[in-house]
Amino acid sequence: MNKLTRRPCVAGNWKMQGSYSMIETLLGELHQQEQYLQGIDVILCPPFVYLERVAKMLQRQESTFLLGAQNTYCEEKGAYTGEVSAAMLKDVGCQYVIIGHSERRQLFAESDELIARKFRAAYHAGLTPILCLGETQAERVSGQTFAVIRRQLDSVLEVAELNCFNRAMIAYEPVWAIGTGLTATPEQANEVHTTLRGWIAESDPKIASGVRILYGGSVKASNAKELFCEPNVDGGLIGGASLEGQAFLSICHSATYDT
Ligand code: 13P
């Protein structure tokens, strides 16, 4: 299986941004040009409280866009005030969930172990986890990029079966590129993606060749195409630019094979 057999994917991570009126405007704008986006999975990841609204609006538009959450908890239910389970996310229409975003790791002190348990819970609830990995600036300059990413991947594989990656996706998001305007070069991104795929191939070449690996970190309309052309980059996880209709559409279009 090579790049052409992996379906490209672009996911918009809205982070803690959005409102009812913003959703009306953004989804209206996206819907107008959705017909030109063929052969690609487009996932919208709004904050928890807007998931149901976005799900209903996508349904009304008969949209092919998919719905994802930005986080979940590792337990099925119980006394975990403020948390949301993977089954609840499914219940409101989510198919995807971002797990282990660097903002969760850094600002909310999520450990590798917690992230691994969230990943497993999401997978077993029937969601497709999008596992985020990435090194900080200090880790990159001190030559630890691959050690850090390996540790982040291995901690998930200790808790969840490798088979999960028949469905789950990976997003390589170098922390130094998130929201900074500094994008990894296509070569830097592809180098990490190729290494990740290689590690998985050591255990299961078939899973490795099928798993979709997205790049995230200051992806814009102007740099998306060159990143997505790389042989092991299967699309993107987009922050800021996913809030602007035209920019997001242009990024999605860059991931299709008819550009
Ligand atoms: P930006 O695209 O705003 O850099 O954010 C990337 C990101 O964190 C997506 O999850």
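This chain uses plain numbering: 1 for the first residue, then up along the sequence. Only heavy atoms go into these numbers, but all of them, side chains included; no hydrogens, no water, no symmetry mates.
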Is there a donor-acceptor pair closer than 3.5 Å between any side-chain N or O of [X] and the backbone N or O of [Y]?
{"X": "Lys3", "Y": "Asn232", "answer": "no"}
{"X": "Gln70", "Y": "Cys45", "answer": "yes"}
{"X": "Arg140", "Y": "Thr145", "answer": "no"}
{"X": "Asn13", "Y": "Gly239", "answer": "no"}
{"X": "Gln35", "Y": "Gln32", "answer": "yes"}
{"X": "Arg212", "Y": "Arg7", "answer": "yes"}
{"X": "Glu135", "Y": "Pro174", "answer": "no"}
{"X": "Ser250", "Y": "Gln246", "answer": "no"}
{"X": "Glu230", "Y": "His193", "answer": "no"}
{"X": "Thr256", "Y": "Gln38", "answer": "no"}

query = Which residue pairs pass the ring pair (Phe, Tyr, Trp, His ring centres under 6.0 Å) test with at least one member in residues 114-140, sequence neighbours excluded?
reply =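 Found Phe119-Phe165.
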Group every Ile, Leu, Val, Met, Phe, Trp and Tyr by side-chain heavy-atom contacts under 4.5 Å, then state whether [X] and [Y] land in the same group.
{"X": "Met169", "Y": "Val42", "result": "no"}
{"X": "Val211", "Y": "Leu196", "result": "yes"}
{"X": "Ile178", "Y": "Val10", "result": "no"}
{"X": "Val148", "Y": "Phe146", "result": "no"}
{"X": "Met22", "Y": "Leu249", "result": "yes"}

Exceeds 12 heavy-atom contacts within 6.0 angstrom, atom [atom1] of [X]:
{"X": "Glu76", "atom1": "CD", "result": "no"}
{"X": "Glu75", "atom1": "CD", "result": "yes"}
{"X": "Gln17", "atom1": "CD", "result": "yes"}
{"X": "Glu187", "atom1": "CD", "result": "yes"}
{"X": "Glu202", "atom1": "CD", "result": "yes"}

query = Rounded to the nearest 0.5 Å, how far does CG of Leu182 lie from CH2 of Trp176?
reply =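 If we round to the nearest 0.5 Å, Trp176:CH2 and Leu182:CG are 7.0 Å apart.
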message = Checking Ser155 against Ile115 for the side chain to side chain contact (heavy atoms under 4.5 Å, CB included) test, could you report, in this order, the C-alpha distance in whole Å, the side-chain angles of both residues, the deciding distance, and whether it holds?
response = CA-CA 8 Å; Ser155 62; Ile115 289 161; over 6 Å; no
ask   = Are Val219 and Phe228 close enough, and set up right, to give a side chain to side chain contact (heavy atoms under 4.5 Å, CB included), and what steps lead you there?
value = CA-CA 10 Å; Val219 178; Phe228 299 163; 4.2 Å; yes
What's the shortest heavy-atom distance between [X] and [Y], and which atoms?
{"X": "Leu243", "Y": "Leu26", "answer": "O-CD1, 3.7 Å"}
{"X": "Ala189", "Y": "Tyr215", "answer": "CB-CD1, 3.8 Å"}
{"X": "Ala69", "Y": "Leu51", "answer": "CB-CD1, 4.1 Å"}

ask   = If you measure only the distance, is there a donor-acceptor pair under 3.5 Å linking the side chains of Glu173 and His101?
value = yes
task = Would you kindly say whether Gln144 and Ser142 are connected by a side-chain donor-acceptor distance under 3.5 Å?
result =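 Gln144 vs Ser142: donor-acceptor pair found between side chains.
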query = Taking only residues two or more places apart in sequence, or in another chain, which ones meet Cys74 in a side-chain contact (heavy atoms from CB on, under 4.5 Å)?
reply =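 Counting only residues at least two positions away or on another chain, Cys74 forms a side-chain contact (heavy atoms from CB on, under 4.5 Å) with Leu114, Arg117, Lys118.
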query = Got a sec, which residues hit side-chain contact (heavy atoms from CB on, under 4.5 Å) with Ala125, two or more places apart in sequence or on another chain?
reply =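 side-chain contact (heavy atoms from CB on, under 4.5 Å) check on Ala125 returns Ala86.
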Trace of the side chain to side chain contact (heavy atoms under 4.5 Å, CB included) decision for Thr183 with Lys220 = CA-CA 9 Å; Thr183 317; Lys220 303 183 270 273; 4.0 Å; yes
query = Are Ile130 and Ile43 side-chain neighbours, meaning at least one heavy-atom pair lies under 4.5 Å?
reply =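 Yes; the side chains approach each other to less than 4.5 Å.
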Heavy-atom check, side chain of Asn223 versus side chain of Pro186, under 4.5 Å = no
task = In plain terms, say whether Asp112 and Arg105 are close enough for a salt bridge, that is, a side-chain N and a carboxylate O under 4.0 Å apart.
result = yes
ask   = Going by the angle between their ring planes, with limits at 30° and 60°, are Tyr20 and Tyr50 parallel, tilted or perpendicular?
value =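 Correct class here is perpendicular.
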